[in-house]
Visitor: 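One structure is given below, represented as structure tokens, and several questions about it will come after.
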Amino acid sequence: MSTTADRLATAYFDAIAALCRVTPKGWYAERGTARAGITHARLASLNGVFDLTTEPDLESLDELATEVARQIPHWSIIVRGEASVAVVDLAARHGLRGRSVMPFLACATDDIAFRPGPPQRTPVRRVGATESDTYTDALTESFEAPNGSFGSLMGGAVLDTDGITGYLAEESDSPVGTALGMLTSGVIGVFNIGVVPSARGRGLGRTLTETVLRDGIAAGADAAYLHTSPMGRPLYESMGFALVENWTMFAPR
């Protein structure tokens, strides 16, 4: 793999593999250029079948989809770029008829636009595995997800694993935001940027993102990536991120 897009996509899939291998109940497999990972969270995007390339290995993708579907009801197929008719048909055969776009943004770390001036008043600190329940509760509230949605995703030794760093933002000793950095192959992935409803609109999402990026750069990262929602995209673009590819996700309707 030689292109920037390929390198960044591989870093993302390597991060997912690392997470699936360390999270409690996690499962991971590879077939050709296809990969599959299960976290047992109740979110389809966190249990998926993927392909490293822009021309998916359909046979391997189909084999792994069959294995994943046997294990969990909440799962997805994710491919880079616009899905071909063959991939659409494959997803439909597995009952995945819901379709959405996942913008994949990235930038070189030298191009990141950090805010000038002193740090924000809301402190952000790293958390380890002993605080996994606190982290998960804050993550659930920040994403306004139903209780139990993330399951044991961040449990076990996840937050003590090399290359995986969890963060909590706190006000009056109460968590108000979360972030997760995942460093693979010299690239920092930004995940779990969330702020509880009562603390939004004050720049805390940017503070959390900048914290992940600064720590990633300190650890040797020369590039960064993330997936974004439409609401978060203007923030990330203002920081120097740009669209690399639109990925396609198929999930149950």
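Index from 1, following the sequence.
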Visitor: Do E82 and N246 have side-chain heavy atoms sitting under 4.5 Å apart?
Guide: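 A side-chain contact is absent here, since even the closest heavy-atom pair is not under 4.5 Å.
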Visitor: Please assess F250 against I78 for the test side-chain contact (heavy atoms from CB on, under 4.5 Å), listing each intermediate value before the final yes or no.
Guide: CA-CA 6 Å; F250 296 89; I78 298 174; over 6 Å; no
Visitor: Determine the sole option in Y225, F50, F13 for which the ring pair (Phe, Tyr, Trp, His ring centres under 6.0 Å) test with W247 is passed.
Guide: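 For W247, the ring pair (Phe, Tyr, Trp, His ring centres under 6.0 Å) check succeeds only for F13.
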Visitor: With no hydrogens and no angle check, do the side chains of Y167 and N192 hold a donor and an acceptor under 3.5 Å apart?
Guide: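 Side-chain D/A pair, Y167 to N192: absent.
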Visitor: Salt-bridge test for E55 and R80: reply yes if a basic N is under 4.0 Å from a carboxylate O, no otherwise.
Guide: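 No salt bridge links E55 with R80.
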Visitor: Using the rule given for side-chain contact (heavy atoms from CB on, under 4.5 Å), can you reason through H94 versus D62, listing the C-alpha separation, both sets of side-chain angles and the distance that settles it, and then say yes or no?
Guide: CA-CA 9 Å; H94 289 279; D62 191 34; 2.6 Å; yes
Visitor: Taking the six-membered ring of F114, is the NZ or CZ of R214 close enough (under 6.0 Å from the centre) and on axis enough (within 45°)?
Guide: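 Judged by the rule (NZ or CZ under 6.0 Å from the ring centre, within 45° of its axis), R214 counts as positioned above F114.
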Visitor: Do W27 and V68 touch side chain to side chain, with heavy atoms closer than 4.5 Å?
Guide: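 A side-chain contact exists here, since the closest heavy-atom pair is under 4.5 Å.
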Visitor: Heavy atoms, side chains only, cut-off 4.5 Å: are F104 and T228 in contact?
Guide: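 No, their side chains stay 4.5 Å or more apart.
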Visitor: Could you check whether H227 and F191 have their ring centres less than 6.0 Å apart?
Guide: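 Between H227 and F191, which both carry aromatic rings, the centre distance is not below 6.0 Å.
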Visitor: Taking the basic N atoms (NZ, or NE/NH1/NH2) and the acidic carboxylate oxygens, is any pair closer than 4.0 Å for E170 and R126?
Guide: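 Here E170 does not pair with R126 in a salt bridge, since their nearest N and O are not under 4.0 Å apart.
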Visitor: Taking NZ, NE, NH1 and NH2 as the nitrogens, is one of them in E63 or R35 under 4.0 Å from a carboxylate oxygen of the other?
Guide: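 No, this pair does not count.
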Visitor: In plain terms, say whether D14 and R7 are close enough for a salt bridge, that is, a side-chain N and a carboxylate O under 4.0 Å apart.
Guide: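 Here D14 does not pair with R7 in a salt bridge, since their nearest N and O are not under 4.0 Å apart.
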Visitor: Any sub-3.5 Å donor-acceptor pair from S76's side-chain atoms to A44's backbone N or O?
Guide: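 Here the side-chain-to-backbone pair exists.
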Visitor: So L213 and T109, do their side chains get closer than 4.5 Å, heavy atoms only?
Guide: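 With C-beta onward as the side chain, the pair stays apart.
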Visitor: Just by distance, do the side chain of T10 and the backbone of L52 share a donor-acceptor pair under 3.5 Å?
Guide: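 Absent.
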Visitor: In Å, rounded to the nearest 0.5 Å, how long is the span from CD1 of I217 to CD1 of I112?
Guide: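 So the gap between those two atoms works out to 4.0 Å.
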Visitor: With a 4.0 Å cut-off on N to O distance, would you call E171 and R202 a salt bridge?
Guide: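 Yes, this pair counts.
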Visitor: Considering only NZ, NE, NH1 and NH2 on the basic side and carboxylate oxygens on the acidic side, decide whether R31 and D51 come within less than 4.0 Å.
Guide: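 So R31 does not pair with D51 through a salt bridge.
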Visitor: Do L183 and D215 have side chains that approach each other closer than 4.5 Å (heavy atoms only, starting at C-beta)?
Guide: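 L183 vs D215: side chains apart.
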Visitor: Would you indicate whether the side-chain heavy atoms of R99 and V88 approach each other to under 4.5 Å?
Guide: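 Sidechains of R99 and V88: in contact.
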Visitor: Which residue, L159, V190, L139, T165, forms the side chain to side chain contact (heavy atoms under 4.5 Å, CB included) with L180?
Guide: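 The side chain to side chain contact (heavy atoms under 4.5 Å, CB included) with L180 is passed solely by L159 among L159, V190, L139, T165.
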Visitor: Compare all side-chain heavy atoms of T33 with those of S60 and state whether any distance is below 4.5 angstrom.
Guide: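 Not touching, per the 4.5 Å side-chain cut-off.
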